[in-house]
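Some notes on the structure that comes next.
Reckoned from all heavy atoms, side chains included, excluding hydrogens, waters and symmetry mates. Proteins get letters first, then strands, A, B, ... in listed order; numbering begins at 1 in each.
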4 protein chains.
Amino acid sequence: MVMMDRKERDKQLRKADILRAAENVFASKGYHEATIQDIAKQAQYGTGTVYLYFKDKNALYFSLLEEKIQSLINNAKEKTEQAKDAKKKLEIFIRESLVFFEQNQSFFRIYMLEKNSIQLIVSKKVTESFSVLEHATEYVEKLIKHAQEENVIKKNYSPSELADILASIMGSMILNWTKSDLRKVGSLKDKTGFIFDMFLNGAGK
Amino acid sequence: MVMMDRKERDKQLRKADILRAAENVFASKGYHEATIQDIAKQAQYGTGTVYLYFKDKNALYFSLLEEKIQSLINNAKEKTEQAKDAKKKLEIFIRESLVFFEQNQSFFRIYMLEKNSIQLIVSKKVTESFSVLEHATEYVEKLIKHAQEENVIKKNYSPSELADILASIMGSMILNWTKSDLRKVGSLKDKTGFIFDMFLNGAGK
Amino acid sequence: MVMMDRKERDKQLRKADILRAAENVFASKGYHEATIQDIAKQAQYGTGTVYLYFKDKNALYFSLLEEKIQSLINNAKEKTEQAKDAKKKLEIFIRESLVFFEQNQSFFRIYMLEKNSIQLIVSKKVTESFSVLEHATEYVEKLIKHAQEENVIKKNYSPSELADILASIMGSMILNWTKSDLRKVGSLKDKTGFIFDMFLNGAGK
Amino acid sequence: MVMMDRKERDKQLRKADILRAAENVFASKGYHEATIQDIAKQAQYGTGTVYLYFKDKNALYFSLLEEKIQSLINNAKEKTEQAKDAKKKLEIFIRESLVFFEQNQSFFRIYMLEKNSIQLIVSKKVTESFSVLEHATEYVEKLIKHAQEENVIKKNYSPSELADILASIMGSMILNWTKSDLRKVGSLKDKTGFIFDMFLNGAGK
DNA sequence: CATGAATGAGTGTTCATTCAT
DNA sequence: CATGAATGAACACTCATTCAT
């Protein structure tokens, strides 16, 4: 995006190294059990080095979440815009999310591990930088509103509630998939149809 | 249920005291931020006393989850059996779960905070005592299977996946409800109809 | 002073143990180089134990200073009141201070090491509990005022400045004494006369 | 003094830059709270550069003290030699010291903060380079000896003790002055008379 | 049985010092 | 020479767990 000199580029590379290591460690242990030393070792840096790039453990953690969510949203938006009607947009959104999570399983672990903590525990440390999450939900809401306007989705249900439900259905399916034997089950994105159907038509006959 | 002497009864009473305290503390701080001293103080016992009734922090935590889930299932089973057809049973199950969580908000916090951790982190400490959760899902699966047999629910979808989805929809709604201004929104169990509808018929028009 | 049960008494004893250890360690290393582990080890307690009795390193440090200064003042006041005229009072004050510091050499090290830091660096942590020092200087000022009223000391000099000067002369002499070979020089309180003379009559002929 | 080539001159200039920065930083934070990075940044050099000119933090610190004390002594000596009699010399010494400290308040802060640490803590790192202080006290002692020979000062008191006392009285007065509202109180060197009087004639009537 | 004081391993974080560029 | 990123030892402080009373 922006032109940067070698120094700035190297800095970004190292920051990325550390984020990658943090992703693994947080994913396998969760926030509290992960130690900065774990992460530093995983990234093959000294302990102190981590602090050159992130103010503290919390900042590292939220940087990670932010980066990933941002990239998920950006990708979803881009792909979504190629479709015309709201129904297709929704379907693409579901598929792209599944693709993303399939490619980012360790991030998914983190997301699932802490998403509720984030929402329930009102930590002061959090609020600052965490508009990303709001943007994410706002985006899904927008998709749903469009679908309502196009008469694809019932108008009497609140878009924000529907957005949460769609997200939770997807979460549930991804979780199921991660727990199953991956070789047998096939790609996660094959679940798109099922999720889409469940969301639009439910389980009823 | 079982006959017990005074000694055993007292022991159970104290165990319950501690579980009640743990429920509050875990609910407001989450597992890691809660300390045994917090819990002991809240229960008006000495720190060491907690260890007379629970092997360690983890055991206390899972005892709590187990007890609550057990009571949720028991209650749901009992109420559910009063209905004849599968559709009604499902509706009752949903309603009773909502009632339970409305009465046990702090447990719900715990459940939401850690439910994913429980499933994702394969902790050696966990596996032992955690058959309850399986029983719970098994029970919902059974309800769904019945509904499939009675032609209320599509037969081509897996009961276990549908069970997870139903649970996640309910979780999503409860979370929404806890976050909103309780006085305005009314009782949680009023959401029964909406959830039931979403699950059976989806959001589509 | 106050009646206390065994528990409270034991607690005070342990607090005293730790204060004694802290006195040694701070005295030989200064505040920053002293570690809590040093102090705990010296007191033959575990690291964490220190924190049962003192909020943090700072609190321990100031507790120590406060306790010592308080005891110095109390003793000085008591002995001083036995004399009638201001001149005698001043002399007794000087002697008693010397006796105190001779008996509390490691405290004197601490006092000298940090007294200026205390006065120069306006630390927020300090201000709260540090009225003791003010009381101490106030007391010396009062002695000097009395001496001025009794025409023993020039009235045109400010009592507070004179108090500081007296204190600094004493500090200087005590420092000299600690540095010299104690066996040869004799007791510190033998310097009373010299200090008293220097303060009243100066070095001039 | 000595002829030096450009290289050597530049080196001295840079050393001086760093010493100036160190003076500010040490004065406002004290030895332990000051960091090499603070100093380097203040001096507008890289962190590593500091180590090209000073072996370590300690060496930098003592270089600073040494330089300042040296310059104080040199100036005092020079001005002092203009007077003939010992009494006048002493007075000039006091005045010049006050002038120096008034112009070097941040150094004074450092001096007061650590002067006792220096004398009390027998650090291996210190001893090497610290003959300056001895020279300084030796010089004051010499002044006092002269005054004794000229019958201005009592002969029965030890010159070294008197030197320390004079220094401590001056320190006390300077400290008082720095703490007061400078605009009201006027120049520090106006205290010369008072100090001289206190030293020669004491506070007595 | 009940207690809560004592413990010390373990964590996040800082900073003097080094060294590749 | 100059740099400043990297390092890792060190420290204050917490808390699950134990055990003497």
**OP:** Would you mind classifying the nucleic acid contact of C:Ile36 as base, sugar-phosphate or nothing, using non-hydrogen atoms under 4.0 angstrom?
**Re:** sugar-phosphate
**OP:** Runs of at least three consecutive Watson-Crick or G-U pairs, both distances under 3.5 Å, are what I'm after; which ones involve DNA chain E?
**Re:** E:2-21 with F:2-21
Original post:
Nearest-Å distance, CZ (A:Arg9) to C1' (F:dA5)?
Top reply: 16 Å
Original post:
Roughly how many Å is it from CD1 in C:Ile39 to C1' in F:dC11, rounded to a whole number?
Top reply: 12 Å
Subject >> Residue pair D:Lys57 / D:Phe26: nearest heavy atoms and the distance that separates them >> reply: CE-CE2, 4.3 Å
Subject >> Residue whose closest nucleotide on DNA chain E lies nearer the 5' end, B:Arg14 versus A:Tyr31 >> reply: B:Arg14
**OP:** Please tell me which of C:His32 and A:Leu52 maps to the more 5' nucleotide of DNA chain F, matching each residue to the nucleotide holding its nearest heavy atom.
**Re:** A:Leu52
Original post:
In Å and rounded to the nearest 0.5 Å, what is the CZ to CD1 distance from B:Phe107 to B:Ile69?
Top reply: 5.0 Å
Subject >> Gap between atoms OH and C1', on D:Tyr61 and E:dA16 respectively (whole Å) >> reply: 17 Å
Would you mind writing out the side-chain donor-acceptor pairs for residues 40-53 of chain C within the sub-3.5 Å range, not counting sequence neighbours?
from, atom 1, to, atom 2, distance (Å)
C:Tyr45, OH, C:Asp17, OD2, 2.9
C:Thr49, OG1, C:Gly46, O, 3.3
C:Tyr53, OH, C:Arg14, NE, 3.0

Subject >> From A:Leu65 atom CG to A:Leu60 atom CG, the distance as rounded to the nearest 0.5 Å >> reply: 10.0 Å
Original post:
Roughly how many Å is it from NZ in D:Lys57 to P in E:dT17, rounded to a whole number?
Top reply: 8 Å
Subject >> Spacing of B:Lys11 atom NZ relative to E:dC1 atom P, expressed in whole Å >> reply: 6 Å
Original post:
What are the two closest heavy atoms between D:Ile39 and D:Ala21, and how far apart are they?
Top reply: O-CB, 3.5 Å
**OP:** Using whole Å, report how far CG of B:Leu13 lies from P of E:dC1.
**Re:** 13 Å
Original post:
What is the nucleic acid contact for C:Asp10, judged by heavy atoms within less than 4.0 Å: base, sugar-phosphate only, or nothing?
Top reply: nothing
Write down the protein N/O and nucleotide N/O pairs, taken from nucleotides 18-21 of chain E, whose separation is under 3.5 Å; answer none if there are no such pairs.
none

Subject >> Taking every non-hydrogen atom, the tightest pair across A:Phe54 and A:Lys15 >> reply: CZ-CG, 3.5 Å
Original post:
Is a salt bridge present between C:Glu23 and C:Arg109, judged by a nitrogen-to-oxygen distance below 4.0 Å?
Top reply: no
**OP:** Just call it for D:Tyr53: base, sugar-phosphate, or nothing, with non-hydrogen atoms closer than 4.0 Å on any strand.
**Re:** sugar-phosphate
Subject >> 5' priority, DNA chain F, between D:Lys7 and C:Asp56 [closest heavy atom] >> reply: D:Lys7
Original post:
Out of B:Asp38, B:Thr35, B:Asn24, which residue meets the side-chain hydrogen bond (donor to acceptor under 3.5 Å, both in side chains) rule with B:Lys29?
Top reply: B:Asp38
**OP:** Between B:Val50 and A:Thr49, just flag the one whose closest nucleotide in DNA chain E comes earlier from the 5' side.
**Re:** B:Val50
**OP:** Take atom CD of A:Glu33 and atom P of E:dT11, then tell me their distance rounded to the nearest Å.
**Re:** 9 Å
Original post:
Are the charged groups of C:Glu8 and C:Lys11 less than 4.0 angstrom apart, N to O?
Top reply: no
Subject >> Sugar-phosphate, base or nothing in reach of A:Ala34, heavy atoms under 4.0 Å >> reply: sugar-phosphate
**OP:** Rounded to the nearest 0.5 Å, what's the gap from NZ on C:Lys55 to OG on C:Ser63? Could you check?
**Re:** 10.5 Å
Original post:
Given atom CD of D:Gln37 and atom P of F:dT7, what is their separation to the nearest angstrom?
Top reply: 15 Å
Original post:
Which is true for B:Thr35 with a 4.0 Å heavy-atom rule: it touches a base, it touches only sugar-phosphate, or it touches nothing?
Top reply: sugar-phosphate
